[in-house]
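Written below as C-alpha coordinates is the structure these notes are about.
Lettering follows sequence order; numbering is per chain, from 1.
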2 protein chains.
Amino acid sequence: MNNYFRSRIVIVEDNDAVREGFSLIINSVSNYYVVNAYDNAEDAIKNLRKDAPEIVLMDLELPGINGIEAIGVIKKNNPNIQLIVNTIYENSELVFQALCAGASGYITKNSSHTELLDAIDEVINGGAPMSSKIAKMVVNSFQKNPNSPLSSRETQVLELLSKGKSYSMIAQELFITKETAKSHIKNIYSKLQVNSKSEAIAKATKEKLI
Amino acid sequence: MNNYFRSRIVIVEDNDAVREGFSLIINSVSNYYVVNAYDNAEDAIKNLRKDAPEIVLMDLELPGINGIEAIGVIKKNNPNIQLIVNTIYENSELVFQALCAGASGYITKNSSHTELLDAIDEVINGGAPMSSKIAKMVVNSFQKNPNSPLSSRETQVLELLSKGKSYSMIAQELFITKETAKSHIKNIYSKLQVNSKSEAIAKATKEKLI
DNA sequence: AAGTATATCACCCATTTTGGGGGAATAGCT
DNA sequence: AGCTATTCCCCCAAAATGGGTGATATACTT
(Lines give C-alpha, C1' and ligand atoms only; values in the text may rest on other atoms or scores of the structure.)
Protein backbone atom coordinates (compact mmCIF):
# COMPACT_ATOMS: atom_id res chain seq x y z
CA MET A 1 0.00 0.00 0.00
CA ASN A 2 1.23 3.53 -0.71
CA ASN A 3 2.23 5.16 2.56
CA TYR A 4 2.73 8.72 1.36
CA PHE A 5 -0.74 9.84 2.32
CA ARG A 6 -1.12 7.81 5.47
CA SER A 7 -0.57 9.37 8.91
CA ARG A 8 2.49 8.01 10.68
CA ILE A 9 1.94 6.35 14.03
CA VAL A 10 4.41 5.10 16.65
CA ILE A 11 3.40 2.62 19.34
CA VAL A 12 5.09 2.41 22.75
CA GLU A 13 3.78 -0.60 24.63
CA ASP A 14 5.62 -3.32 26.54
CA ASN A 15 2.92 -5.98 26.20
CA ASP A 16 3.70 -7.87 23.00
CA ALA A 17 0.13 -8.98 22.34
CA VAL A 18 -1.35 -5.50 22.75
CA ARG A 19 1.44 -3.91 20.68
CA GLU A 20 1.00 -6.35 17.83
CA GLY A 21 -2.76 -6.23 18.03
CA PHE A 22 -2.83 -2.44 17.77
CA SER A 23 -0.31 -2.56 14.91
CA LEU A 24 -2.48 -4.96 12.94
CA ILE A 25 -5.59 -2.85 13.46
CA ILE A 26 -3.88 0.39 12.46
CA ASN A 27 -2.15 -1.10 9.45
CA SER A 28 -5.43 -2.57 8.25
CA VAL A 29 -6.93 0.83 7.43
CA SER A 30 -5.93 3.06 4.55
CA ASN A 31 -5.34 6.33 6.37
CA TYR A 32 -2.84 5.28 9.05
CA TYR A 33 0.21 3.10 9.39
CA VAL A 34 2.63 2.10 12.14
CA VAL A 35 6.15 3.38 11.38
CA ASN A 36 7.59 1.72 14.46
CA ALA A 37 6.52 -0.04 17.62
CA TYR A 38 8.68 -0.06 20.78
CA ASP A 39 8.47 -1.92 24.06
CA ASN A 40 10.03 0.97 26.03
CA ALA A 41 9.98 4.76 25.99
CA GLU A 42 13.76 5.30 25.83
CA ASP A 43 14.11 3.67 22.40
CA ALA A 44 11.04 5.46 21.12
CA ILE A 45 12.41 8.85 22.21
CA LYS A 46 15.78 8.10 20.55
CA ASN A 47 14.12 7.45 17.21
CA LEU A 48 11.39 10.09 17.27
CA ARG A 49 13.17 12.40 14.82
CA LYS A 50 13.66 9.61 12.35
CA ASP A 51 10.21 8.07 12.82
CA ALA A 52 8.53 11.50 12.62
CA PRO A 53 5.10 10.28 13.70
CA GLU A 54 2.01 12.45 13.87
CA ILE A 55 0.67 10.34 16.69
CA VAL A 56 2.25 8.25 19.44
CA LEU A 57 0.22 5.61 21.24
CA MET A 58 1.83 5.58 24.68
CA ASP A 59 1.42 2.99 27.38
CA LEU A 60 1.52 4.45 30.90
CA GLU A 61 2.69 1.32 32.68
CA LEU A 62 6.16 0.97 31.22
CA PRO A 63 9.43 -0.53 32.35
CA GLY A 64 12.26 2.00 32.66
CA ILE A 65 11.20 5.61 32.57
CA ASN A 66 7.71 6.58 33.62
CA GLY A 67 5.05 7.12 30.98
CA ILE A 68 4.23 10.59 32.35
CA GLU A 69 7.89 11.63 32.17
CA ALA A 70 8.13 10.19 28.67
CA ILE A 71 5.18 12.33 27.59
CA GLY A 72 6.89 15.41 29.01
CA VAL A 73 10.12 14.66 27.17
CA ILE A 74 8.40 13.91 23.87
CA LYS A 75 6.21 17.03 24.02
CA LYS A 76 9.22 19.16 24.90
CA ASN A 77 11.37 17.89 22.04
CA ASN A 78 8.59 17.54 19.53
CA PRO A 79 5.56 19.69 20.36
CA ASN A 80 3.67 18.75 17.21
CA ILE A 81 3.40 15.09 18.07
CA GLN A 82 0.02 14.17 19.56
CA LEU A 83 0.04 11.54 22.26
CA ILE A 84 -2.77 9.11 22.95
CA VAL A 85 -2.38 7.43 26.31
CA ASN A 86 -3.08 3.75 26.49
CA THR A 87 -3.75 2.47 29.96
CA ILE A 88 -5.43 -0.14 32.09
CA TYR A 89 -6.30 2.42 34.80
CA GLU A 90 -9.69 3.64 33.62
CA ASN A 91 -10.04 6.56 36.01
CA SER A 92 -6.76 6.99 37.76
CA GLU A 93 -4.91 10.11 38.76
CA LEU A 94 -2.18 8.88 36.42
CA VAL A 95 -4.34 9.48 33.35
CA PHE A 96 -5.10 12.92 34.63
CA GLN A 97 -1.40 13.67 35.07
CA ALA A 98 -0.76 12.39 31.56
CA LEU A 99 -3.21 14.91 30.16
CA CYS A 100 -1.50 17.67 32.14
CA ALA A 101 1.88 16.53 30.83
CA GLY A 102 0.67 16.92 27.28
CA ALA A 103 -1.37 13.93 26.20
CA SER A 104 -4.24 14.60 23.80
CA GLY A 105 -6.53 11.84 24.99
CA TYR A 106 -6.64 8.27 26.15
CA ILE A 107 -8.02 4.82 25.42
CA THR A 108 -8.12 1.72 27.55
CA LYS A 109 -6.22 -1.48 26.77
CA ASN A 110 -9.38 -3.43 26.07
CA SER A 111 -10.59 -0.94 23.47
CA SER A 112 -12.21 -2.39 20.38
CA HIS A 113 -10.89 -1.88 16.84
CA THR A 114 -13.47 0.83 16.37
CA GLU A 115 -12.65 2.65 19.61
CA LEU A 116 -8.94 2.69 18.80
CA LEU A 117 -9.45 4.01 15.28
CA ASP A 118 -12.10 6.50 16.45
CA ALA A 119 -9.70 7.88 19.04
CA ILE A 120 -7.01 8.36 16.40
CA ASP A 121 -9.54 10.01 14.07
CA GLU A 122 -10.58 12.38 16.84
CA VAL A 123 -7.02 13.40 17.62
CA ILE A 124 -6.23 13.92 13.93
CA ASN A 125 -9.31 16.15 13.74
CA GLY A 126 -8.23 18.26 16.72
CA GLY A 127 -10.22 16.54 19.42
CA ALA A 128 -9.23 14.94 22.71
CA PRO A 129 -10.83 11.52 23.14
CA MET A 130 -11.51 10.61 26.76
CA SER A 131 -14.19 9.08 28.91
CA SER A 132 -16.83 11.17 30.58
CA LYS A 133 -15.31 10.45 33.99
CA ILE A 134 -11.87 11.68 32.98
CA ALA A 135 -13.49 14.74 31.42
CA LYS A 136 -15.16 15.38 34.77
CA MET A 137 -11.82 15.16 36.60
CA VAL A 138 -10.33 17.59 34.14
CA VAL A 139 -13.23 20.03 34.44
CA ASN A 140 -13.21 19.75 38.24
CA SER A 141 -9.55 20.65 38.31
CA PHE A 142 -10.35 24.25 37.52
CA GLN A 143 -13.55 24.65 39.45
CA LYS A 144 -13.39 26.25 42.87
CA ASN A 145 -14.08 24.77 46.28
CA PRO A 146 -17.62 25.88 47.22
CA ASN A 147 -16.84 25.60 50.95
CA SER A 148 -14.27 28.36 51.10
CA PRO A 149 -13.86 30.02 54.49
CA LEU A 150 -13.02 33.27 52.69
CA SER A 151 -15.53 35.98 51.88
CA SER A 152 -15.93 36.97 48.25
CA ARG A 153 -13.96 40.16 48.80
CA GLU A 154 -11.17 38.21 50.47
CA THR A 155 -11.12 35.73 47.61
CA GLN A 156 -10.86 38.62 45.20
CA VAL A 157 -7.92 40.07 47.13
CA LEU A 158 -6.20 36.70 47.35
CA GLU A 159 -6.63 36.18 43.63
CA LEU A 160 -4.84 39.46 42.92
CA LEU A 161 -2.16 38.59 45.47
CA SER A 162 -1.62 35.30 43.65
CA LYS A 163 -1.03 37.23 40.45
CA GLY A 164 1.94 38.92 42.06
CA LYS A 165 0.15 42.20 42.75
CA SER A 166 1.34 44.39 45.62
CA TYR A 167 -0.96 45.80 48.31
CA SER A 168 -1.05 49.15 46.50
CA MET A 169 -1.88 47.57 43.15
CA ILE A 170 -4.64 45.50 44.72
CA ALA A 171 -6.03 48.62 46.39
CA GLN A 172 -5.97 50.47 43.08
CA GLU A 173 -7.77 47.70 41.21
CA LEU A 174 -10.48 47.34 43.85
CA PHE A 175 -10.91 51.11 44.46
CA ILE A 176 -10.02 50.81 48.14
CA THR A 177 -7.07 52.07 50.16
CA LYS A 178 -3.86 50.16 50.71
CA GLU A 179 -4.79 49.83 54.38
CA THR A 180 -8.04 48.11 53.53
CA ALA A 181 -6.31 45.68 51.22
CA LYS A 182 -3.86 45.01 54.03
CA SER A 183 -6.71 44.46 56.44
CA HIS A 184 -8.26 41.88 54.13
CA ILE A 185 -4.93 40.13 53.80
CA LYS A 186 -4.54 40.02 57.57
CA ASN A 187 -7.95 38.37 57.81
CA ILE A 188 -7.07 35.94 55.03
CA TYR A 189 -3.89 34.94 56.85
CA SER A 190 -5.81 34.47 60.06
CA LYS A 191 -8.52 32.34 58.41
CA LEU A 192 -6.03 30.20 56.52
CA GLN A 193 -3.74 30.02 59.55
CA VAL A 194 -0.71 31.21 57.63
CA ASN A 195 1.49 34.24 57.97
CA SER A 196 2.92 34.98 54.60
CA LYS A 197 1.90 35.53 51.02
CA SER A 198 3.45 32.34 49.67
CA GLU A 199 1.88 30.16 52.36
CA ALA A 200 -1.51 31.73 51.68
CA ILE A 201 -1.21 31.13 47.93
CA ALA A 202 -0.01 27.57 48.47
CA LYS A 203 -2.87 26.72 50.81
CA ALA A 204 -5.46 28.48 48.65
CA THR A 205 -4.25 26.66 45.55
CA LYS A 206 -4.20 23.31 47.29
CA GLU A 207 -7.74 23.75 48.56
CA LYS A 208 -8.97 25.39 45.36
CA LEU A 209 -10.03 28.58 47.09
CA ILE A 210 -8.75 30.62 44.14
CA MET B 1 -46.11 8.26 37.57
CA ASN B 2 -44.55 8.22 41.04
CA ASN B 3 -41.95 10.99 41.24
CA TYR B 4 -40.29 10.07 44.52
CA PHE B 5 -37.54 8.09 42.89
CA ARG B 6 -37.06 10.26 39.84
CA SER B 7 -34.24 12.82 39.66
CA ARG B 8 -35.48 16.40 39.61
CA ILE B 9 -34.52 18.50 36.61
CA VAL B 10 -34.97 22.23 35.95
CA ILE B 11 -34.81 23.65 32.43
CA VAL B 12 -33.72 27.23 31.68
CA GLU B 13 -34.27 27.96 27.99
CA ASP B 14 -35.89 30.94 26.26
CA ASN B 15 -36.88 29.09 23.08
CA ASP B 16 -40.35 27.70 23.68
CA ALA B 17 -40.03 24.84 21.21
CA VAL B 18 -36.70 23.62 22.60
CA ARG B 19 -37.89 24.01 26.19
CA GLU B 20 -41.06 22.04 25.61
CA GLY B 21 -39.30 19.47 23.47
CA PHE B 22 -36.72 18.77 26.17
CA SER B 23 -39.46 18.61 28.82
CA LEU B 24 -41.38 16.03 26.85
CA ILE B 25 -38.30 13.89 26.33
CA ILE B 26 -37.27 14.00 29.97
CA ASN B 27 -40.76 13.37 31.32
CA SER B 28 -41.13 10.39 29.01
CA VAL B 29 -38.55 8.33 30.90
CA SER B 30 -39.00 6.78 34.31
CA ASN B 31 -35.86 8.03 36.07
CA TYR B 32 -36.14 11.80 35.52
CA TYR B 33 -38.78 14.50 35.56
CA VAL B 34 -38.92 18.25 34.97
CA VAL B 35 -39.88 20.08 38.16
CA ASN B 36 -39.97 23.44 36.42
CA ALA B 37 -38.97 25.06 33.12
CA TYR B 38 -38.08 28.77 32.89
CA ASP B 39 -37.46 31.10 29.96
CA ASN B 40 -34.94 33.22 31.93
CA ALA B 41 -32.23 32.67 34.53
CA GLU B 42 -33.52 35.19 37.10
CA ASP B 43 -36.76 33.30 37.75
CA ALA B 44 -34.93 29.99 37.84
CA ILE B 45 -32.46 31.30 40.44
CA LYS B 46 -35.31 32.67 42.59
CA ASN B 47 -36.98 29.27 42.75
CA LEU B 48 -33.92 27.04 43.02
CA ARG B 49 -34.39 26.34 46.73
CA LYS B 50 -38.00 25.35 46.21
CA ASP B 51 -37.41 23.39 42.99
CA ALA B 52 -34.38 21.63 44.53
CA PRO B 53 -33.22 20.05 41.26
CA GLU B 54 -30.31 17.67 40.94
CA ILE B 55 -29.66 18.91 37.43
CA VAL B 56 -30.24 22.19 35.62
CA LEU B 57 -30.27 22.29 31.83
CA MET B 58 -29.01 25.81 31.14
CA ASP B 59 -29.18 27.71 27.87
CA LEU B 60 -26.18 29.99 27.31
CA GLU B 61 -27.88 32.47 25.00
CA LEU B 62 -30.39 34.00 27.38
CA PRO B 63 -32.19 37.32 27.65
CA GLY B 64 -31.37 39.24 30.85
CA ILE B 65 -28.40 37.94 32.78
CA ASN B 66 -25.67 36.04 31.00
CA GLY B 67 -25.69 32.25 31.09
CA ILE B 68 -22.11 32.17 32.40
CA GLU B 69 -22.96 34.53 35.25
CA ALA B 70 -26.07 32.49 36.01
CA ILE B 71 -23.94 29.36 36.32
CA GLY B 72 -21.65 31.18 38.74
CA VAL B 73 -24.56 32.32 40.89
CA ILE B 74 -26.25 28.92 40.91
CA LYS B 75 -23.03 27.06 41.77
CA LYS B 76 -22.23 29.55 44.51
CA ASN B 77 -25.65 29.30 46.16
CA ASN B 78 -26.15 25.62 45.53
CA PRO B 79 -22.91 23.74 44.93
CA ASN B 80 -24.58 20.36 44.67
CA ILE B 81 -26.61 21.21 41.60
CA GLN B 82 -25.04 19.90 38.39
CA LEU B 83 -25.39 22.11 35.34
CA ILE B 84 -25.58 20.88 31.78
CA VAL B 85 -25.03 23.67 29.31
CA ASN B 86 -27.27 23.77 26.27
CA THR B 87 -25.93 25.83 23.41
CA ILE B 88 -25.90 26.43 19.68
CA TYR B 89 -22.19 27.32 19.71
CA GLU B 90 -20.59 23.92 19.18
CA ASN B 91 -17.00 24.94 19.92
CA SER B 92 -17.07 28.43 21.27
CA GLU B 93 -15.03 30.06 23.99
CA LEU B 94 -18.36 30.56 25.75
CA VAL B 95 -18.79 26.84 26.36
CA PHE B 96 -15.30 26.71 27.75
CA GLN B 97 -16.05 29.59 30.11
CA ALA B 98 -19.20 27.81 31.20
CA LEU B 99 -17.17 24.77 32.21
CA CYS B 100 -14.79 27.02 34.15
CA ALA B 101 -17.76 28.68 35.86
CA GLY B 102 -18.98 25.33 37.11
CA ALA B 103 -20.88 23.51 34.38
CA SER B 104 -20.57 19.72 34.34
CA GLY B 105 -20.93 19.24 30.61
CA TYR B 106 -22.77 20.41 27.55
CA ILE B 107 -25.06 19.35 24.74
CA THR B 108 -26.03 21.14 21.56
CA LYS B 109 -29.54 22.37 20.77
CA ASN B 110 -30.02 19.85 18.00
CA SER B 111 -29.21 16.91 20.25
CA SER B 112 -31.30 13.80 19.75
CA HIS B 113 -33.50 12.26 22.48
CA THR B 114 -30.77 9.74 23.10
CA GLU B 115 -27.98 12.32 23.33
CA LEU B 116 -29.94 14.43 25.81
CA LEU B 117 -30.78 11.48 28.05
CA ASP B 118 -27.26 10.06 27.73
CA ALA B 119 -25.82 13.39 28.84
CA ILE B 120 -28.08 13.45 31.90
CA ASP B 121 -27.15 9.83 32.68
CA GLU B 122 -23.47 10.68 32.45
CA VAL B 123 -23.77 13.65 34.80
CA ILE B 124 -25.81 11.62 37.29
CA ASN B 125 -23.04 9.00 37.19
CA GLY B 126 -20.32 11.55 37.88
CA GLY B 127 -19.19 12.18 34.33
CA ALA B 128 -18.89 15.35 32.28
CA PRO B 129 -20.44 14.93 28.83
CA MET B 130 -18.77 17.04 26.16
CA SER B 131 -17.55 16.78 22.59
CA SER B 132 -14.02 15.75 21.77
CA LYS B 133 -13.26 19.30 20.55
CA ILE B 134 -14.35 20.90 23.81
CA ALA B 135 -12.38 18.28 25.71
CA LYS B 136 -9.35 19.30 23.66
CA MET B 137 -9.85 22.98 24.55
CA VAL B 138 -10.10 22.06 28.18
CA VAL B 139 -7.00 19.88 28.10
CA ASN B 140 -5.07 22.51 26.15
CA SER B 141 -5.90 25.07 28.79
CA PHE B 142 -3.42 23.51 31.18
CA GLN B 143 -0.72 22.50 28.75
CA LYS B 144 2.27 24.77 28.32
CA ASN B 145 3.36 26.75 25.31
CA PRO B 146 6.17 24.72 23.71
CA ASN B 147 7.71 27.85 22.13
CA SER B 148 8.69 29.56 25.33
CA PRO B 149 11.58 32.01 25.07
CA LEU B 150 12.57 31.08 28.61
CA SER B 151 15.16 28.46 29.50
CA SER B 152 14.04 25.61 31.72
CA ARG B 153 15.79 27.14 34.72
CA GLU B 154 14.12 30.48 34.08
CA THR B 155 10.74 28.79 33.77
CA GLN B 156 11.39 27.06 37.07
CA VAL B 157 12.23 30.37 38.72
CA LEU B 158 9.21 32.09 37.24
CA GLU B 159 6.96 29.27 38.44
CA LEU B 160 8.16 29.78 42.00
CA LEU B 161 7.80 33.54 41.62
CA SER B 162 4.20 33.00 40.52
CA LYS B 163 3.60 31.05 43.73
CA GLY B 164 4.44 34.16 45.70
CA LYS B 165 7.93 33.05 46.68
CA SER B 166 10.58 35.68 47.39
CA TYR B 167 14.05 35.72 45.83
CA SER B 168 15.48 34.14 48.97
CA MET B 169 12.88 31.39 49.05
CA ILE B 170 13.42 30.62 45.39
CA ALA B 171 17.17 30.47 46.01
CA GLN B 172 16.64 28.09 48.89
CA GLU B 173 14.39 25.76 46.92
CA LEU B 174 16.73 25.62 43.94
CA PHE B 175 19.93 25.38 46.00
CA ILE B 176 21.38 28.54 44.48
CA THR B 177 22.17 31.93 45.99
CA LYS B 178 19.73 34.82 46.14
CA GLU B 179 21.91 36.66 43.63
CA THR B 180 21.59 33.87 41.09
CA ALA B 181 17.83 33.82 41.48
CA LYS B 182 17.87 37.57 40.98
CA SER B 183 20.03 37.19 37.92
CA HIS B 184 17.54 34.73 36.40
CA ILE B 185 14.69 37.10 37.16
CA LYS B 186 16.53 39.95 35.47
CA ASN B 187 16.89 37.79 32.38
CA ILE B 188 13.24 36.75 32.53
CA TYR B 189 12.16 40.40 32.69
CA SER B 190 14.40 41.22 29.78
CA LYS B 191 13.13 38.33 27.65
CA LEU B 192 9.49 39.06 28.42
CA GLN B 193 10.06 42.81 28.09
CA VAL B 194 8.57 43.59 31.48
CA ASN B 195 10.00 45.15 34.60
CA SER B 196 8.06 43.80 37.51
CA LYS B 197 6.92 40.57 39.06
CA SER B 198 3.22 41.07 38.35
CA GLU B 199 3.80 41.96 34.70
CA ALA B 200 5.98 38.90 34.27
CA ILE B 201 3.37 36.61 35.83
CA ALA B 202 0.59 38.18 33.77
CA LYS B 203 2.50 37.78 30.51
CA ALA B 204 3.67 34.28 31.36
CA THR B 205 0.15 33.19 32.27
CA LYS B 206 -1.34 34.73 29.15
CA GLU B 207 1.20 33.00 26.92
CA LYS B 208 1.14 29.78 28.94
CA LEU B 209 4.84 29.87 29.70
CA ILE B 210 4.14 28.60 33.22
C1' DA C 1 -31.12 43.48 71.33
C1' DA C 2 -26.73 41.38 71.14
C1' DG C 3 -23.49 39.12 68.65
C1' DT C 4 -20.93 37.97 64.45
C1' DA C 5 -19.09 38.66 59.99
C1' DT C 6 -17.88 41.87 56.53
C1' DA C 7 -15.86 45.82 54.62
C1' DT C 8 -13.82 50.00 55.05
C1' DC C 9 -9.87 53.07 56.80
C1' DA C 10 -5.67 54.84 59.92
C1' DC C 11 -0.98 55.05 62.11
C1' DC C 12 3.43 53.00 63.81
C1' DC C 13 7.53 50.29 63.06
C1' DA C 14 11.24 47.07 61.81
C1' DT C 15 12.59 44.00 58.40
C1' DT C 16 12.52 42.22 53.71
C1' DT C 17 11.96 42.54 49.13
C1' DT C 18 12.48 44.46 44.82
C1' DG C 19 14.44 46.29 40.67
C1' DG C 20 18.20 48.49 38.44
C1' DG C 21 23.08 49.33 37.83
C1' DG C 22 27.44 47.51 37.51
C1' DG C 23 30.28 43.25 36.80
C1' DA C 24 32.59 38.00 36.30
C1' DA C 25 33.39 32.89 35.82
C1' DT C 26 32.20 28.34 34.05
C1' DA C 27 30.20 25.22 31.01
C1' DG C 28 28.24 23.63 26.64
C1' DC C 29 27.07 23.92 22.00
C1' DT C 30 27.69 25.56 17.14
C1' DA D 1 35.21 32.21 18.55
C1' DG D 2 30.72 33.47 19.70
C1' DC D 3 26.40 32.45 21.98
C1' DT D 4 23.45 30.94 25.64
C1' DA D 5 22.75 29.17 30.04
C1' DT D 6 23.89 29.04 34.72
C1' DT D 7 26.13 30.46 38.52
C1' DC D 8 27.78 34.19 41.73
C1' DC D 9 29.13 39.08 43.69
C1' DC D 10 28.52 44.28 45.20
C1' DC D 11 25.94 48.77 45.67
C1' DC D 12 21.76 51.37 46.43
C1' DA D 13 17.24 53.54 47.00
C1' DA D 14 12.52 52.77 46.92
C1' DA D 15 8.83 49.82 47.79
C1' DA D 16 6.60 46.07 49.99
C1' DT D 17 5.57 43.21 53.88
C1' DG D 18 3.82 41.62 58.29
C1' DG D 19 2.54 42.62 62.89
C1' DG D 20 0.56 45.56 66.29
C1' DT D 21 -3.56 48.35 67.82
C1' DG D 22 -7.07 50.66 66.89
C1' DA D 23 -12.11 52.85 64.57
C1' DT D 24 -16.65 52.90 61.94
C1' DA D 25 -20.60 51.17 59.46
C1' DT D 26 -23.51 47.75 57.47
C1' DA D 27 -25.80 43.52 57.41
C1' DC D 28 -27.29 39.20 58.88
C1' DT D 29 -28.41 35.87 62.57
C1' DT D 30 -29.98 34.46 66.83
Side-chain angles (χ1 to χ4, degrees), chain A residues 46 49 73 76-78 144-204 209-210, chain B residues 45-46 49 73 76-78 144-205 209-210:
Chain A
K46 267 184 219 151
R49 276 281 149 71
V73 173
K76 191 182 175 63
N77 296 337
N78 226 319
K144 286 183 194 169
N145 179 356
N147 301 321
S148 172
L150 304 179
S151 73
S152 64
R153 196 55 155 177
E154 285 161 355
T155 305
Q156 215 174 0
V157 169
L158 189 51
E159 252 156 17
L160 292 170
L161 205 60
S162 80
K163 287 175 183 159
K165 304 286 173 83
S166 70
Y167 295 3
S168 341
M169 296 169 89
I170 292 172
Q172 222 181 334
E173 288 199 36
L174 299 181
F175 305 105
I176 55 179
T177 65
K178 198 204 307 199
E179 287 304 319
T180 303
K182 206 173 149 179
S183 172
H184 285 308
I185 291 167
K186 282 180 189 172
N187 290 330
I188 292 167
Y189 288 4
S190 150
K191 284 185 181 178
L192 299 187
Q193 294 181 277
V194 299
N195 46 18
S196 74
K197 189 173 36 167
S198 58
E199 285 179 285
I201 294 172
K203 189 152 190 173
L209 309 180
I210 51 171
Chain B
I45 290 169
K46 267 183 219 150
R49 276 280 149 72
V73 174
K76 191 182 174 63
N77 297 336
N78 225 320
K144 286 183 193 169
N145 178 356
N147 301 321
S148 172
L150 304 179
S151 73
S152 65
R153 197 55 155 176
E154 285 160 354
T155 304
Q156 216 174 1
V157 170
L158 189 51
E159 252 155 18
L160 292 169
L161 206 59
S162 80
K163 286 176 184 159
K165 304 286 173 84
S166 70
Y167 294 4
S168 341
M169 295 169 89
I170 293 172
Q172 220 181 336
E173 288 199 36
L174 300 181
F175 305 105
I176 54 180
T177 65
K178 197 204 309 199
E179 288 305 318
T180 302
K182 206 174 150 179
S183 173
H184 286 309
I185 290 166
K186 282 180 189 173
N187 290 330
I188 292 167
Y189 288 2
S190 150
K191 283 184 180 177
L192 299 186
Q193 293 181 279
V194 299
N195 46 19
S196 75
K197 188 174 37 167
S198 58
E199 287 179 284
I201 294 173
K203 189 151 192 174
T205 305
L209 308 181
I210 52 171

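- Both B/K197 and A/S152 lie close to DNA chain C; mapped to their nearest nucleotides by heavy-atom distance, the more 5′-ward contact belongs to A/S152.
- An OP1 or OP2 oxygen of D/dT6 is reached within less than 4.0 angstrom by no side-chain nitrogen or oxygen of B/H184.
- The distance between atom NZ of B/K182 and atom C1' of D/dC9, rounded to the nearest whole Å, is 10 Å.
- Counting only Watson-Crick and G-U wobble pairs whose two key distances fall under 3.5 Å, DNA chain D forms stems of three or more stacked pairs at C:1-30 with D:1-30.
- Panel note: side chain A/Y189, backbone A/K197; a donor-acceptor pair is recorded below 3.5 Å.
- B/Y167 has a side-chain polar atom (N or O) that falls below the 4.0 Å cut-off from OP1 or OP2 of C/dG19.
- For A/S148, there are no side chain to side chain donor-acceptor pair (under 3.5 Å) partners at least two apart in sequence or on another chain.
- The phosphate of C/dT16 has neither OP1 nor OP2 within less than 4.0 Å of any side-chain N or O from B/S166.
- A sub-4.0 Å separation between OP1 or OP2 of D/dT4 and a side-chain N or O of B/R153 is absent.
- Taking the nucleotide of DNA chain D with the nearest heavy atom to each of A/S183 and B/N187, the more 5' of the two is matched to B/N187.
- The nearest whole Å value for the distance from the CD1 atom in A/I185 to the C1' atom in C/dC9 is 14 Å.
- Rounded to an integer number of Å, the gap from CD of A/Q172 to C1' of D/dA16 is 15 Å.
- Side-chain N/O atoms of A/S183 and A/T180 include no donor and acceptor closer than 3.5 Å.
- Nearest-nucleotide assignment on DNA chain D puts the 5′-proximal partner with A/L161, out of A/K186 and A/L161.
- Taking only side-chain nitrogens and oxygens, A/Y189 never comes nearer than 4.0 Å to OP1 or OP2 of D/dT17.
- Between the P atom of C/dT8 and the NZ atom of A/K178 lies a distance of 17 Å, rounded to the nearest Å.
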